[in-house]
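Notes follow once the structure below has been shown.
Lettering of chains follows the sequences in order, A, B, ..., and the numbering in each one begins at 1.
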Amino acid sequence: MGFDFQFYLLDIDSDTDNIRIFGFTKERRRVILIDKNFHPYFYILPNSDAIVLAENIKSFSTIDDKGNNVAVKDVQIVNKKIRDDITKLVKVIVSKPGDVQLLRREIAKLPGVNSCEEYDIRFYRRYLVDKGIVPLSLCKARGELIKQEADVDIIELEYLELIDSEPISDLKIIAFDIETLCAKTTPNPKQDTIILASVYGKDLRKVLTWKRFGNAPNYVQFVDGELELLEELKKTILQQKPDVIVGYGSDNFDLPFLVERAKKYGVSLNIGFDGSEIDINHRGITSAKIKGLQHLDISHFARNILDLNVDRFKLDSVAQEILGKGKLFKLNPEKINEIWEVALNEELQSLAEYNLVDSQLAYELCLKLLPTQLQLVKLIGLPLADINRMSYGQLVEWFLIRNSKTSNLMIPKKPSSSEIYARQLNTYFGGFVLEPIPGFYQNVAVFDFRSLYPSIIASHNVSPEKINCECCKLHGGMDAGNEVFFCSKKQGFIPGLVQDVIDRRNRISAILEQTSPEDPAFQELKARRYALKTIANSTYGYLGFPGSRWYSLESAKAITALGRKYIQLVIKEAELFGFKSLYGDTDSLFVLVGDKKPEDIKQFLGIINSVLPKPMELEYRDFYPAALFIETKSGGRGAKKRYALLTKNGGLILKGVEAIRGDWSALAKKAQKTAIELILKEGGPQGAALFIKELIEKVKIRKVALEDLSISVRLTKATSAYAAKSPHVAAAELAEKKGYSVKAGFAVSYIITNGTGKISERVKLSEDATIEDYDIEYYVEHQIMRAVYKLFEMFNYPTEKLKGGQTTLGEGWN
DNA sequence: GGCTCCCGGGG
DNA sequence: GTGTACGGGAGCC
């Protein structure tokens, strides 16, 4: 007879036979729970009598490639919903997770078998779904203590139940980072050495290093060599007993590197709960697991889920974007070697600090992102480390899998690679775009649909199993065009879930409106809303994603078709109401306000929303005093997704304008941005023209900052691999001659110098250039003018005048 | 144009 | 191991 206890599940896996749960009690005692009563299974869809087939399968056994007998453990007849039909299935229960693939392949050959189902669900995930357990949420359990160790109780589980679905947020987190020496190429653990390692936590700052230097800060701990560094790092982690270990790029770099170096010295990095080694998984996505706790490589979540305005997902830029601060300083890999060799006190000191700050950034990123990740854990029910590495599609997929249990729905299989390939050939239309007439406009209102695609899914019952149902054939379902309709009698699986997510999100929004940002609940509520939004907004994409289990081309097509229908309806109604439509894209419409009053706008929304099916809703997004729609490069037409807006409080919104990105000099970017801003604020080109004229004057008399002239480009390959010698390649060759290790990814910064001949023959590295070097004509013509001429052409302003006014055109312009 | 190959992050 | 990422950009023909 066991004892009752409560605990939080942190990690879960299976050994060859059983599920193992790693967690901690309310008193923070670590526990390992072994569940011997949960067996792997899959389903057989019969094409004849299920009872006869079940009897047949029950006695089935085969021999594996090691000569062992592998038998079916038990069978059951169960009813499950396949698409929309209750179907009799044979549930085949087997002894070990490893038996599933062999038995399903062999049983598939038996007569009377139509297909095998649900054999492609990882065992520990199956367990969580079937038991309804949510990681990090309080569970009650009963079990028998089978072994008590200093750090952990090992319990054989008899009973398990979730009692609170709110994940615990009080987790012990430590971040870590290593620095290594490296020869010319990327660091290689076979030859390169770890010289520093840092850990950072709530009350923890430590840098381990094996070259002594004076005036070391108190967080520095000297060790005798790399071996001792590894041992000390291991000791620190074991002492700290973290729930979460976080790094940046640690799946691919830090942990594999540590493991490889430890192997060289014969050191065992057995820091798992159960004394197991770090497990570097090279199948699929490389991930490093530390058994019993959660290793997070926060770069995955930054890349996959967060919508960040960065061009590369480096720790520095991601931290800058999320935390508003970056690395301590920019450090070339070559410099690390140099610092280590020369070994000046001051430089070693700053290297140690650099190393600590990297850990600190990973730690703070984790703290900042954890509330959202925990809400996704709650919603989807998979371990934190899994959620951290998932893409949108996987989040939706597992949200659906978790919820298929309550609907007794059979989980569709993952498509085969040939199926994925076939699906990829299908293309379909996306959102509707109303092209803008290029030009300057004043008093612009923007309407947009609140969650257009999720609200279409919910309102039109868009679900694969509800397409062209028998029950609505005569009396009409929800028409989606293309001879497709969706059932109007019974809510589908996906619309039901999406409607629920929308409702919950709306409720949280309402609460948030009443909550002050200083309220401790505020961030928590925002995280909840963000998690719900992420799932809702990804569902449309998931239905059209070729790798999806619930792939439905017809559903995806219907969603965009309905989206086009509704935005076009809004455009038509807006015109009827007396608005002039300027620009629309998928779910938004820009209109001229004209003589319309706020109450007219309200009335218009009322008219539209009274005809929209719930939960579809058009909202008044914002008002802009001025807007500029920019011409396409070829001219004549308004470019899609390229415009500038002036906000009520004088702010500037730039969308798709080329100078805000790409390989332009800061000079050109500033010129374009300021010109746009002046045009928007003044309603005409005069001020902007004056500004550009003055800027060009400054360029001509060399009164500009050298760094504004630098053009930075990142190499995509070695210089020798480029066929054409473009300026950045020429610049990279100069860097190579200076002894830089120039390879793919190298960022080269150069200016264009005086002289004649090709541009590529006139490059100079920014670091070698002086203010006398740059070519005035190039920076005026190819940087400033190229960035701004379209803006002036829109007003028929003679662009020649900007450069000194040697023109007779454009009388009246000054 | 397609099709294939390679890369990301890390030092 | 209830398996074999993924999406985009550049190079190649």
On the nucleotide B:dG11, are OP1 or OP2 found under 4.0 Å from the side-chain N or O atoms that A:Lys327 carries?
yes
Checking all strands, does A:Ser299 fall into the base, sugar-phosphate, or nothing category for heavy-atom contacts under 4.0 angstrom?
nothing
Among B:dG11, C:dT2, B:dG8, find the nucleotide with the atom closest to the side chain of A:Arg303.
B:dG8
What is the ring orientation for A:Tyr43 with A:Tyr41, classed by angle as parallel under 30°, tilted 30 to 60°, or perpendicular over 60°?
perpendicular
Specify the separation, in whole Å, of atom CG of A:Leu395 and atom C1' of C:dA5.
15 Å
Residue-phosphate contact under 4.0 Å: A:Asn281 side-chain N/O, C:dG1 OP1/OP2
yes
Distance, C1' atom - from C:dA5 to B:dC6, rounded to whole angstrom
14 Å
So what does A:Tyr41 hit on the nucleic acid, given a heavy-atom distance under 4.0 Å: a base, only sugar-phosphate, or nothing?
base
Between A:Thr209 and A:Leu351, is there a side-chain heavy-atom distance shorter than 4.5 Å?
no
For the pair made of CG in A:Leu365 and P in B:dG10, what is the distance, rounded to whole Å?
12 Å
When rounded to whole Å, the CD1 to P distance for the pair A:Ile420 and C:dG7 reads 10 Å
Assign A:Ile178 to base, sugar-phosphate, or nothing according to its heavy-atom contacts below 4.0 angstrom with the strands shown.
sugar-phosphate
Say whether A:Gln360 and A:Glu364, considering side chains only, have a donor N or O and an acceptor N or O under 3.5 Å apart.
yes
Reckon A:Phe545 touches a base, only the sugar-phosphate, or nothing at all at heavy-atom distances under 4.0 Å?
sugar-phosphate
Using a cut-off of 4.0 Å on non-hydrogen atoms, how would the nucleic acid contact of A:Asp177 be classed: base, sugar-phosphate, or nothing?
sugar-phosphate
Taking the side chain of A:Phe313 as heavy atoms from C-beta outward, which of B:dG10, B:dG9, B:dG11 is closest to it?
B:dG9
Below 4.0 Å: OP1/OP2 of C:dG1 and any side-chain N or O of A:Arg122:
no
Counting distance only, does the side-chain N/O of A:Thr539 pair as donor-acceptor with the main-chain N or O of A:Ile535 below 3.5 Å?
yes
Decide, yes or no, whether a salt bridge links A:Glu419 with A:Arg423 under the criterion of side-chain N to carboxylate O below 4.0 Å.
yes
Using a heavy-atom cut-off of under 4.0 Å over every strand shown, decide if A:Arg104 touches base, sugar-phosphate, or nothing.
nothing
Look at all strands and tell whether A:Ile336 reaches a base, only sugar-phosphate, or nothing, counting heavy atoms closer than 4.0 Å.
sugar-phosphate
What is the nucleic acid contact for A:Asp358, judged by heavy atoms within less than 4.0 Å: base, sugar-phosphate only, or nothing?
sugar-phosphate
Euclidean distance, atom CD of residue A:Gln394 to atom P of C:dG7 [Å, nearest integer]
9 Å
In this structure, how many angstroms lie between the C1' atom of B:dG8 and the CZ atom of A:Arg312, rounded?
8 Å
May I ask you to decide whether A:Asp386 forms a salt bridge with A:Arg125, counting only side-chain N to carboxylate O separations under 4.0 Å?
yes
What is the distance, rounded to the nearest whole Å, between atom CD of A:Gln101 and atom P of C:dT4?
10 Å
Could you state the CD1-C1' distance from A:Ile305 to C:dA5, rounded to the nearest angstrom?
14 Å
What's A:Phe123 touching, base or sugar-phosphate or nothing? Going by heavy atoms closer than 4.0 Å.
base
The answer to which of A:Arg549 and A:Gln424 contacts DNA chain C further toward the 5' end, by nearest nucleotide, is A:Arg549
From C-beta outward on A:Tyr119, which listed nucleotide comes closest to its side chain: B:dG11, B:dG9, C:dT2?
C:dT2
With a 4.0 Å cut-off on heavy atoms, is A:Leu331 in touch with a base, just the backbone sugar-phosphate, or nothing at all?
nothing
What integer distance in Å separates A:Leu315:CG from B:dG8:P?
16 Å
Is the ring centre of A:Tyr354 less than 6.0 Å from the ring centre of A:Phe329?
yes
Ignoring the backbone of A:Lys314, work out which of B:dG10, C:dG3, B:dG11 is nearest its side chain.
B:dG10
With a 4.0 Å limit, can you tell me whether A:Lys414 has a side-chain N or O closer than that to the phosphate oxygens OP1/OP2 of C:dT4?
yes
